[in-house]
Amino acid sequence: MAELEAATGLCDRAEEKLTPGRRRVLELLLRAGRPAKAYDLIAQFGEDGRPTKPPTVYRALDFLERQGLAHRIESLNAYVACRQGDKAHTAAFLICRCCQTSRELDTGGPTELLAAGERLGFSLDGLIIEGYGLCADCRAD
Ligand SMILES: [Zn+2]
Ligand SMILES: [Zn+2]
């Protein structure tokens, strides 16, 4: 999978290791194609269909988030792989209420919010926007 190769390169540059467990969790997120719950990742973790121990998955998710390879969608309590590479970015999602798919938008983020934080001397290093509605497929039904 090209995304896994890219992730490996990204971790190398950051002098971090994409261990087999971290890589496996990222692979599952990429395959899911929609927000995945931690317990689903735990259940699917083993190549042989056997679950793993929860801390393995939670630690891997934590790592992937820190490297910008995954995001947590708070309102769904679920995770998605990020395909936007290694640049720090504001994550903005369009989440379909009907089929629960999510799509990440490449936006500059709400500049007003960032500027407001700046004025207060607040250095914002994470911002996730979760927008809800119906995707094109579900609207067509
Ligand atoms: Zn992202
Ligand atoms: Zn939909």
Side-chain angles (χ1 to χ4, degrees), residues 1-47 49-141:
M1 228 187 262
E3 287 94 342
L4 285 177
E5 297 316 312
T8 305
L10 191 150
C11 290
D12 282 349
R13 286 195 297 281
E15 294 183 8
E16 297 279 358
K17 268 211 170 69
L18 192 64
T19 59
R22 292 164 172 176
R23 189 183 160 93
R24 176 66 178 152
V25 170
L26 180 60
E27 184 187 0
L28 289 170
L29 287 177
L30 289 164
R31 289 239 171 97
R34 67 174 61 196
K37 304 263 189 194
Y39 58 74
D40 288 330
L41 299 170
I42 292 163
Q44 295 163 8
F45 188 87
E47 311 266 359
R50 265 190 286 180
T52 185
K53 295 199 176 73
T56 308
V57 166
Y58 284 109
R59 273 194 237 116
L61 287 169
D62 192 54
F63 172 83
L64 295 172
E65 266 194 289
R66 269 187 285 120
Q67 300 304 318
L69 292 167
H71 297 293
R72 177 161 181 262
I73 298 182
E74 305 280 341
S75 57
L76 300 177
N77 192 19
Y79 297 83
V80 286
C82 178
R83 295 165 197 263
Q84 292 194 28
D86 55 358
K87 61 186 162 107
H89 59 279
T90 300
F93 293 96
L94 297 178
I95 301 161
C96 178
R97 288 184 196 284
C98 181
C99 65
Q100 306 258 297
T101 53
S102 75
R103 187 173 167 168
E104 184 172 351
L105 298 175
D106 192 1
T107 78
T111 44
E112 283 174 33
L113 192 56
L114 295 169
E118 196 97 334
R119 280 197 298 277
L120 294 170
F122 191 97
S123 158
L124 209 67
D125 59 14
L127 184 62
I128 296 187
I129 300 165
E130 303 180 9
Y132 289 87
L134 285 177
C135 72
D137 286 345
C138 291
R139 284 182 67 192
D141 289 341

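Note that ligands are numbered from 1 as they come in the structure, with each ligand's atoms numbered from 1 the same way. Note that the coordinates shown come from a computational prediction; the quantities given were computed from them, not determined experimentally.
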**Study point:** Angle subtended at the Zn ion (ligand 1) by OE1 of E104 and SG of C82, nearest 10°
**Key:** 90°
Which donor-acceptor pairs under 3.5 Å do side chains of residues 32-45 form with protein atoms, sequence neighbours excluded?
from	atom 1	to	atom 2	distance (Å)
R34	NH1	C99	O	3.0
K37	NZ	L76	O	2.6

Point to revise | Under 2.8 Å from the Zn ion (ligand 2), the protein N, O or S atoms, given as residue and atom | key: C96 SG, C99 SG, C135 SG, C138 SG
Point to revise | Minimum heavy-atom distance between A60 and G21, given as atom pair plus value | key: CB-O, 4.2 Å
Review point. Under 3.5 Å, side chain of T56 to main-chain N/O of T52, donor-acceptor pair present?
Key: no
Check your understanding: For E65, does its backbone N or O pair with a side-chain atom of R72 as donor and acceptor, under 3.5 Å?
Key -> no
**Study point:** Sidechain-backbone polar pair: E130 side chain, I95 backbone, donor-acceptor under 3.5 Å
**Key:** no
Review point. Would you say R66 has more than 12 foreign heavy atoms packed within less than 6.0 Å of its CZ?
Key: yes
